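Here the structure is a predicted model, which is why all the values come from computation and not from measurement.
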Amino acid sequence: MSEIGNYLPTILSGLNMTLGVFFVTIIGSIPLGIIVALAMRSQYFMLRWFVNGYIWIMRGTPLLLQLIFVYYGLGMIGITFSRFNAVAFAFIINYAAYLAEIFRGGIQAIPQGQFEAAQVLGLSKTQSFFKVILPQVIKIVVPAFGNEVINLVKDTSLVYVIGLGDILRAGTIAASRDVSLIPYLIVGVVYLIMIAIVTLALRASEKKLNTWR
Amino acid sequence: MMKLKNLSKQYGDNVIFKNLSLELKDGEILTVMGPSGIGKTTLIKVLTGLEEAEAGQVEINGNEYEIGDPAISEQIGLVFQDFNLFPHLTVKENIALAPVLVKKRAKQEVDQKVNELLKQLGITEQADLYPYQLSGGQKQRVAIARALAMNPEVIIYDEPTSGLDEKSTEQVEKIMLALKKEGVSQMVVTHDLPFAEKVADTNFDFLKEIENEKNK
Ligand SMILES: Nc1ncnc2c1ncn2[C@@H]1O[C@H](COP(=O)(O)OP(=O)(O)OP(=O)(O)O)[C@@H](O)[C@H]1O
Ligand SMILES: [Mg+2]
């Protein structure tokens, strides 16, 4: 028990980084994902072609590789990021691609009559999207979105590759210093707690969205 | 008064109607009847700007517009066949949405108008319900209220009684006749002959009009 007490502060010192990556990615990738989803529906084929290429790359290569490329690769051609900014950039563009696919499916699932009703009432395209379409899309995509959020919690552990100190890295350092598995055990429990919180939040929002059908 | 002049519409090479003309007098109910697939819904879509047309003019209250001019659809209220209510908004919110967003009316003023409409259409008790909680007839009335909230010159219905039982159909009749008394001009596409006979001042026979134009 006292061992756990010894390790806990060390491991929790990595929590800032883990949560920072998590929230920055959520906040950045949702609006970008929506914009990309709309671009996928654009009438300009060049734009559609471009965003489809972007999504293909983002979903077709490992996030770990993308992270290495953004931090080391772009550095070689003179585009330099701080470690955290590299992580933020790589995570946001990666997650935005997955979310864009989800949002696109959601928009497609909205009956044509909803767009028509909004148009006939005189709503502008923007008003129609934000007041009529998006609220319905959100309800449709919550489950798929939730899966991505849960993946993200675990993906934050990839930041070790460019030397950032998250909870897993803190645990690894402690484990190798003391030749003990207990730090890893604690790290696992911390992830489980985070996932439990995320799951509860998702359930609550699903319940709230169930006031209408 | 609304006059359609020489309206032509085709989907690709498929000519739906050509040089179609029609007149809806002030405060009258005009029924539009014709076989399935003839182009009745297409006519409504063209009028409300949901579909582009090849040619034609629309005159509303003495002002003439080329077809496609947004000023036309601004003056038309449309009641869709399957209502197309917004499922995430309550009855009240469905009705208030466009007056607030489009007409930029004050919220208080809109609330008052919404309450009047709810009362007029007998759906006051449903004000805070969501569309999924309504019967077909109630949905229909919300759709009518939503269209009326924009104070249109003309209100158009696409098959308002399809899928409604006798009682709800009677309610639609009553509402339409009450609106007529207020001087609202109404155009109604329908297959329901008994219903049409009860409400119509004039009937537009879509098939006959199209045949006439072809034989010219
Ligand atoms: N988006 C479209 N693209 C191509 N053709 C279409 C389109 N919409 C309708 N049509 C065709 O136009 C014709 C008229 O259709 P419309 O829906 O206006 O008929 P309608 O008179 O309303 O029939 P109903 O009484 O069954 O509702 C049909 O032949 C239909 O196949
Ligand atoms: Mg039709």
How close do [X] and [Y] get, counting heavy atoms only, and between which atoms?
X        : Y        : answer
A:Arg213 : B:Pro87  : O-CB, 3.4 Å
A:Val120 : B:Phe80  : CG2-CZ, 4.0 Å
B:Leu85  : A:Gln114 : O-NE2, 2.8 Å
B:Tyr132 : A:Trp212 : CE2-CA, 3.7 Å

Return yes when atom [atom1] of [X] has more than 12 non-hydrogen atoms of other residues, nucleotides or ligands closer than 6.0 Å, and no otherwise.
X        : atom1 : result
B:Tyr11  : OH    : yes
A:Arg203 : CZ    : no
B:Glu182 : CD    : yes
A:Phe69  : CZ    : no
A:Tyr72  : OH    : yes

Legend entry - Pairwise distance CG(B:Leu78) to CD(A:Glu116) - rounded to 0.5 angstrom: 9.0 Å
Legend entry - From CG (A:Leu121) to CD (B:Glu74), nearest 0.5 Å: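 It comes to 12.0 Å.
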Inset, instruction - Taking A:Gln119 for its side chain and B:Gly49 for its backbone only, find out whether a donor-acceptor pair lies under 3.5 Å. - result: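 Judged by distance alone, yes, a pair lies under 3.5 Å.
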Inset, instruction - With a 4.5 Å heavy-atom cut-off (strictly below), which parts of residues 122-159 of chain A touch chain B? List them by number. - result: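 At a heavy-atom separation under 4.5 Å, chain B is reached by A:Gly122, A:Leu123, A:Gln127, A:Lys131, A:Val132, A:Pro135, A:Gln136.
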Legend entry - Residues from residues 90-116 of chain B approaching chain A under 4.5 Å (heavy atoms): B:Leu97, B:Ala98, B:Leu101, B:Val102, B:Lys104
Legend entry - chain A contact via B:Phe86 - side chain, backbone, both or neither, heavy atoms under 4.5 Å: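 Backbone plus side chain of B:Phe86, per the 4.5 Å heavy-atom cut-off to chain A.
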